[in-house]
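Notes follow once the structure below has been shown.
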Protein chains: 2
Amino acid sequence: MAQSSYLNELKSKKLKATPKRLAILRVLSAASVYLGPQEIWEQLKKDFKKLGLPTVYRNLEELVDAGLVSRIIHPNRRLYYFLCENRLQHHHFICVQCGKVQDISFCAEAQLLQEVDQIYGGKILSHTLQVNGLCRCCLKH
Amino acid sequence: MAQSSYLNELKSKKLKATPKRLAILRVLSAASVYLGPQEIWEQLKKDFKKLGLPTVYRNLEELVDAGLVSRIIHPNRRLYYFLCENRLQHHHFICVQCGKVQDISFCAEAQLLQEVDQIYGGKILSHTLQVNGLCRCCLKH
DNA sequence: CATCTAAATAGAAATGATTTTCAATTGGAG
DNA sequence: CTCCAATTGAAAATCATTTCTATTTAGATG
């Protein structure tokens with residue numbers, strides 16, 4: 001994702017383009033794996049002499065709310081984040097070993113909607129489809 | 001689920017049928033909503049003068065591992081547990097308001113397996129499909 | 001039924017990720 | 001340039017969850 005498109009998206013979400021926020025996006029963008037707040041913090045401490053861990057936590061959640069970043073639901077129950085270039089794919093195959101994230105093009109949304117609506121009369125607020133496993137690479141070793 | 005079938009399942013998983021473990025299963029079985037460790041503990045403190053919260057946590061995880069109880073992944077990131085009578089349905093529609101859990105018969109496993117296997121060459125270890133929303137009842141109010 | 005062993009337990013204490021607080025700072029619209 | 005709302009740092013709090021250790025118990029076996 002181009003740097004400039006961040007700016008537009010941030011602006012539309014009323015988030016200021018602060019240096020730290022942009023740096024967090026840059027780190028996520030450069031990573032090929034999902035990252036935890038700690039890791040992001042450690043990477044950025046080199047660039048900013050003052051950077052609090054809470055700032056990283058706060059920004060990540062804001063970026064998730066704004067839809068720029070997706071949150072990974074790891075079996076270990078810690079928070080991980082990933083910047084998915086493809087905004088249309090909400091679902092992922094994550095490798096629990098190396099942390100790689102790959103889009104899942106299959107989406108059950110339509111079927112789920114139908115079932116929940118017709119059978120239960122309920123309303124879907126959100127849904128989670130995440131597949132945990134080992135990627136081709138980790139499978140070899 | 002009948003009480004006697006618990007015993008068989010516990011035995012086959014090498015879990016002792018202790019009074020507390022059975023009581024936890026009883027509480028879960030009687031509940032129509034998912035429960036957190038705290039709630040279960042509070043209910044059982046009436047029956048056992050000595051009952052530690054860690055015991056509840058430990059037992060719940062053991063029961064999940066044994067496949068008797070399913071874990072709910074709540075958006076608030078706390079742990080919740082639910083005893084699903086229908087062991088074949090791994091997926092649920094949960095109401096974030098009242099806590100009701102309903103089976104989702106639709107399962108994407110086959111399609112996911114195919115996609116992950118054919119496209120990425122990876123191996124699925126587990127997958128999560130959970131739909132969060134409001135049940136028919138909570139929708140009315 | 002008595003014995004024995006691995007499993008289970010209580011209780012306290014530790015852990016550690018995440019969140020809150022609040023005063024000080026800063027981005028960016030006008 | 002000014003100003004206000006958004007952002008931040010630092011410290012402290014939170015709080016669910018885990019660990020530890022000594023003690024107890026379930027249930028297999030004789």
Side-chain angles (χ1 to χ4, degrees), chain A residues 3-4 6-27 34-42 44-66 68-69 71-81 99, chain B residues 3-4 6-27 34-66 68-69 71-81:
Chain A
Q3 186 78 19
S4 66
Y6 290 152
L7 296 175
N8 290 333
E9 295 217 47
L10 289 173
K11 187 180 289 187
S12 78
K13 293 294 173 16
K14 310 243 190 286
L15 294 175
K16 289 184 183 175
T18 66
K20 287 163 187 178
R21 186 166 286 150
L22 291 173
I24 290 173
L25 283 170
R26 213 177 314 120
V27 168
Y34 51 83
L35 299 175
Q38 290 273 354
E39 295 168 282
I40 298 170
W41 183 52
E42 314 238 319
L44 290 179
K45 270 195 296 191
K46 298 163 194 153
D47 305 335
F48 300 92
K49 50 171 123 22
K50 286 192 160 196
L51 174 63
L53 191 49
T55 297
V56 178
Y57 273 93
R58 262 183 312 231
N59 273 291
L60 287 168
E61 282 305 301
E62 287 157 355
L63 292 169
V64 168
D65 289 345
L68 276 86
V69 168
R71 202 186 346 202
I72 298 291
I73 300 173
H74 200 277
N76 72 9
R77 300 181 9 80
R78 301 220 196 109
L79 296 173
Y80 292 95
Y81 299 87
Chain B
Q3 185 77 19
S4 66
Y6 290 152
L7 296 175
N8 290 333
E9 294 217 47
L10 289 174
K11 186 179 289 188
S12 78
K13 294 294 175 10
K14 310 245 190 283
L15 293 176
K16 290 184 182 175
T18 67
K20 288 164 187 177
R21 185 166 284 153
L22 291 173
I24 289 173
L25 283 170
R26 214 178 312 123
V27 167
Y34 50 84
L35 298 174
Q38 289 275 353
E39 296 168 282
I40 297 170
W41 183 51
E42 313 237 321
Q43 283 194 36
L44 289 180
K45 271 195 296 190
K46 298 163 194 152
D47 305 335
F48 299 91
K49 50 170 122 22
K50 287 191 163 198
L51 174 62
L53 191 49
T55 297
V56 178
Y57 273 94
R58 234 180 298 118
N59 272 290
L60 287 169
E61 282 305 302
E62 286 158 355
L63 292 169
V64 168
D65 288 345
L68 276 84
V69 168
R71 209 192 335 208
I72 298 290
I73 300 174
H74 199 276
N76 73 8
R77 303 187 359 88
R78 302 225 192 107
L79 294 175
Y80 292 95
Y81 298 88

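Because the structure is predicted, anything quoted here is derived from the model rather than measured. Labels below follow one simple rule: chain letters A, B, ... track the order of the sequence lines, proteins then strands, and each chain is numbered from 1.
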Starting from [atom2] on [N], measure out to [atom1] on [X] and report it in whole angstrom.
{"X": "R78(A)", "N": "dT19(C)", "atom1": "CZ", "atom2": "C1'", "value": "17 Å"}
{"X": "I24(A)", "N": "dT7(D)", "atom1": "CD1", "atom2": "C1'", "value": "11 Å"}
{"X": "E62(B)", "N": "dT18(D)", "atom1": "CD", "atom2": "P", "value": "12 Å"}
{"X": "I40(B)", "N": "dA16(D)", "atom1": "CD1", "atom2": "C1'", "value": "14 Å"}

Worksheet entry | Most 5' of K14(B) and L79(A) on DNA chain C, judged by nearest nucleotide |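 This one resolves to K14(B).
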Worksheet item: In residues 42-56 of chain B, what residues come within less than 4.0 Å of DNA chain C, judged by heavy atoms?
Response: K50(B), L51(B), G52(B), P54(B), T55(B)
Practice prompt. Taking the side chain as every heavy atom from C-beta outward, state whether Y6(A) and R26(A) have any pair of such atoms under 4.5 Å apart.
Written response: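 No; the side chains remain at least 4.5 Å from each other.
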Worksheet item: Going by heavy atoms in the side chains, are V69(B) and I24(B) under 4.5 Å from each other?
Response: no
Worksheet entry | Shortest non-hydrogen contact between F48(A) and A23(A), atoms and distance | CE1-CB, 3.6 Å
Item to complete: Please identify each residue that fulfils side chain to side chain contact (heavy atoms under 4.5 Å, CB included) with K13(A), with sequence neighbours left out.
Response: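 Residues passing side chain to side chain contact (heavy atoms under 4.5 Å, CB included) with K13(A): L15(A), A66(A).
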Practice prompt. Measure from the side chain of Y57(A), starting at C-beta and using heavy atoms only, and say which of dT19(C), dA8(C), dA16(D) lies closest.
Written response: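 Minimum distance to the Y57(A) side chain belongs to dT19(C).
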For nucleotides 21-28 of chain D, give me every protein contact, N/O to N/O, under 3.5 Å, one pair per line with atom names.
unit_1  : atom_1 : unit_2 : atom_2 : d
dA26(D) : N3     : K16(B) : NZ     : 3.2
dG27(D) : OP1    : A17(B) : N      : 2.8

Practice prompt. Check whether more than 12 heavy atoms from other residues, nucleotides or ligands sit under 6.0 Å from atom NZ of K45(A), and answer yes or no.
Written response: yes
Under 3.5 Å donor-acceptor pairs involving side-chain atoms of residues 53-64 of chain A, not counting sequence neighbours:
unit_1 : atom_1 : unit_2 : atom_2 : d
T55(A) : OG1    : R58(A) : NH2    : 3.1
N59(A) : OD1    : R21(A) : NE     : 2.7
N59(A) : OD1    : R21(A) : NH2    : 3.2
N59(A) : ND2    : T55(A) : O      : 2.9
E61(A) : OE2    : R71(A) : NH1    : 3.2
E61(A) : OE2    : Y81(A) : OH     : 2.5
E62(A) : OE1    : R21(A) : NH2    : 2.7

Measure all distances between protein nitrogen or oxygen atoms and nitrogen or oxygen atoms of nucleotides 22-25 of chain C, and list the pairs falling under 3.5 Å.
none

Worksheet item: Checking W41(A) side chain against G36(A) main chain: does a donor-acceptor pair fall under 3.5 Å?
Response: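 Not a single qualifying donor-acceptor pair exists.
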Discussion item. Tell me the bend of the helix from dC1(C)-dG30(D) to dG30(C)-dC1(D) as the angle between end helix axes, each from five pairs, rounded to the nearest 10 degrees.
Written reply: 50°
